[in-house]
Each structure stands twice: as C-alpha cells, then as structure tokens.
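These numbers come from a predicted model, not from an experiment.
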Amino acid sequence: MTSAKSAAAENEDSSAQIAPQPSDEIRTFVAAISTVLRETVGAFESTVSRITEITVTRSGRADRDLVVALQDFDRLRQEFATLGEVLARLSAKSDRGDDGEQDVISAISIADLKDRLALQLRIVTGDLPEPDGAEAEF
C-alpha cells in the first residue's frame, strides 16, 4: 500500500513538472495588458457618457462634438479588438512555450496603444518609475 502511495505521489510530482508554468515575462506582459485594458475601459466609459450627454442635450442635430465623440468611440472599439488579438497571440505563444512578447507588441497597429503598452511594460519591470498618481490622458 505504501508503494502505491509513493508511486501516486511520484506520478503527481512528474505531472507537475510536465505542466507548463507561465514565465515571468508572460506574467509581466499580462500585468501590463491589464493596466492598458483598465485605461481603455475608463476611456470607453467616458466616451459613452459624452455621447449620451451630447445626444440628450442637443437632440435633432449632429455637431462637431458628436462626430468627435463617435470617432473616439470607434478608436476605442479598435483598441479593444486589438487587445483581444494580443491576448490570443500571447495565449498561443504560451501554449507553444514561446516567450516572444516583442513580436506580439510589434504586431499592434495602433501607435498610441503600442506606446501605452510599452510604457506599462517598462513600469512593471521597473525600467521606468510609475507616474505619481496621474492618470493617462487620451
């Protein structure tokens, strides 16, 4: 019976060694993505609020403010889609055991999003001090 228990324990140890463990680079990358995602959600909420206010207070006519707000809305939609693609690519890389986050970042076509993600990566890794409580402006 003890040999069966030790064999089971040995099996668990070997399966734990086989299971892929996320690398520190992937954890760092996911932490940066989560910060950029929170920023994008905040900007999205602000834009939706602005569109609602413009629509309610200026019903019947589309003006410049509404057009700009709708353009911001579309840009944020593109950011969400891009962040989804980044996470899917990162997931595929981690499944294969790759740690090539740089090609994931280079595939981002929205310059502002790429810059914000690179900044967050530098903050998370300690290459750059975190801003003193100031929120990022979009």
(request) Could you state whether V68 and F73 fall into the same hydrophobic cluster, counting links through intermediate Ile, Leu, Val, Met, Phe, Trp or Tyr residues with side-chain heavy atoms under 4.5 angstrom apart? (result)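 Each belongs to a different hydrophobic cluster.
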(message) Assigning hydrophobic clusters by single linkage (Ile, Leu, Val, Met, Phe, Trp, Tyr; side-chain heavy-atom cutoff under 4.5 Å), is F80 placed with L87?
(response) yes
Got a second to check how far [X]'s [atom1] is from [Y]'s [atom2], nearest 0.5 Å?
{"X": "L70", "Y": "T55", "atom1": "CG", "atom2": "OG1", "answer": "7.0 Å"}
{"X": "D65", "Y": "E53", "atom1": "CG", "atom2": "CD", "answer": "9.5 Å"}
{"X": "E79", "Y": "L76", "atom1": "CD", "atom2": "CG", "answer": "5.5 Å"}
{"X": "T40", "Y": "Q78", "atom1": "OG1", "atom2": "CD", "answer": "12.0 Å"}
{"X": "E39", "Y": "L119", "atom1": "CD", "atom2": "CG", "answer": "8.0 Å"}
{"X": "L37", "Y": "L83", "atom1": "CG", "atom2": "CG", "answer": "5.5 Å"}

(request) Verify salt bridge (charged side-chain N to carboxylate O under 4.0 Å, His left out) between R50 and E45, making sure each step is shown before the conclusion. (result) CA-CA 9 Å; R50 198 168 80 228; E45 289 172 347; over 6 Å; no
(message) On a heavy-atom basis, which atom in V86 and which in F29 lie closest, and how many Å separate them?
(response)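 Looking at all heavy atoms of both residues, the shortest contact is CG1-CE2, 3.7 Å.
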(message) Is it the case that the side chains of R75 and T47 hold a donor-acceptor pair, with the cut-off being a distance below 3.5 Å and no angle test?
(response)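 Result is no, nothing qualifies.
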(request) Determine yes or no for a side-chain-to-main-chain donor-acceptor pair under 3.5 angstrom, with T52 supplying the side chain and V48 the backbone. (result) yes
(request) Kindly say whether L66 contributes a backbone atom to a donor-acceptor pair with the side chain of D63 at under 3.5 angstrom? (result) yes
(request) Please tell me if the side chains of K114 and I110 come closer than 4.5 Å, counting only heavy atoms from C-beta onward. (result) no
